[in-house]
Amino acid sequence: MAISNDLFLAILAMDAYNRGYNAGIKDPNAGQDQGLLGTSIGNATISTASNTQEGSAQRNASFYAQSYTLDGMTIIA
Amino acid sequence: MNGFIKLLLVIVVLAIGYKVKYPTYTLRHRLTIEVETPQGLRSASSIIEVSAILQPIYNGFVRIKGDAVFVDLGQGKHVIALLTNGPKGDDVDGPNYWVIEALGLPSPDRPMGQYLDATNRVGQRGDLPPAHIPTLVTFGDLADPKTARVVDPYAFEQEFGAGYVFRRAWIEMVPVGIWPLNNLGIYGTPITRGIEKRLPEAMAKLKAELNNILGRAPGDPFKILYSHLHIQ
């Protein structure tokens with residue numbers, strides 16, 4: 001069943017929310033700096049994330065972003 | 001007693017109660033790296049602090065403080081044991097479990113309980129199992145972090161030449177002292193600091209990268225990070 005583009009983008013947003021440090025939902029094999037470990041969701045491929053290293057400006061500000069590649073486009077969530 | 005003092009007392013009591021109910025357990029250990037060289041055994045160590053923070057806001061968080069271990073192998077050669085694990089240095093949580101793995105503590109699915117247990121183990125020591133040996137690197141140029149490359153602990157001769165053999169990485173529990181005196185370095189075994197003096201130019205370049213917006217993507221090759229070498 002096809003889903004709308006908006007719904008898929010919403011799913012990516014939820015996926016991003018559960019990646020990186022302090023993720024709400026974690027893969028059982030994930031460390032505390034990781035959440036979900038899969039490298040794709042639907043036809044979207046997990047790409048670069050924001051800087052998450054200890055001491056980084058982004059982490060100190062509790063910022064996290066995840067990019068995805070889908071049909072040649074980059075989506076940032 | 002005026003209202004302000006009553007309010008202050010209530011806040012203090014609540015804060016103390018919160019800390020008692022959700023304590024932070026801290027331990028310190030010495031990580032030692034030993035390498036056989038043609039000139040004899042070379043070793044270096046670093047005191048690392050591990051804290052298990054049980055407060056709900058941190059969702060059961062474990063963090064470390066310390067510096068990577070720089071081993072001078074002589075003849076202008078060196079190896080550095082980073083504060084991470086894995087062939088690409090991606091397992092930054094790995095050091096949280098070094099004590100558990102080295103001391104062979106039971107129930108690996110319950111690290112918090114193990115940390116509580118480990119706080120009473122000063123003086124105990126153990127080798128890190130091969131899968132938990134820190135990521136080892138060497139720099140082509142100590143001033144340039146881009147020249148850092150991972151060294152397989154079981155392929156030192158290919159990297160450094162005949163007679164160079166990684167012997168072991170081991171952990172010894174040391175006294176943590178009492179907060180806040182231990183943070184001032186006047187009680188307990190102080191956390192080792194010194195990698196910034198050892199690699200001033202490389203550390204300055206890596207520190208500047210802390211402000212980079214982009215991090216890593218799955219499948220990216222190894223890249224050394226500031227937090228691999230120093231965690232405040």
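Order of the sequence lines fixes the chain letters, A, B, ..., with proteins taken first and strands second; residue numbering starts at 1 for each chain.
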Seminar exercise, completed: So, the part of B/Ile231 with a heavy atom under 4.5 Å from chain A: the answer is side chain
For this session: Assess the side chains of A/Ser40 and A/Thr45: does a donor N or O sit below 3.5 Å from an acceptor N or O?
Result: no
Exercise. Out of B/Ile213, B/Val92, B/Asn211, which one racks up the most heavy-atom pairs below 4.5 Å with chain A?
Worked result: B/Ile213
Problem set entry | Pair B/His132 and B/Tyr97, ring centroids less than 6.0 Å apart | no
Exercise. For chain B, which of A/Ala57, A/Ser50, A/Ala65, A/Ser67 has the most heavy-atom pairs under 4.5 Å?
Worked result: A/Ser50
Problem set entry | Proximity breakdown for A/Thr39 and chain B, heavy-atom pairs closer than 4.5 Å | side chain
Exercise. Using 4.0 Å as the upper bound for N to carboxylate O, is an ion pair formed by B/Asp67 and B/Arg198?
Worked result: no
Problem set entry | Any donor-acceptor N/O pair, B/Arg193 side chain to B/Gly66 backbone, under 3.5 Å | yes
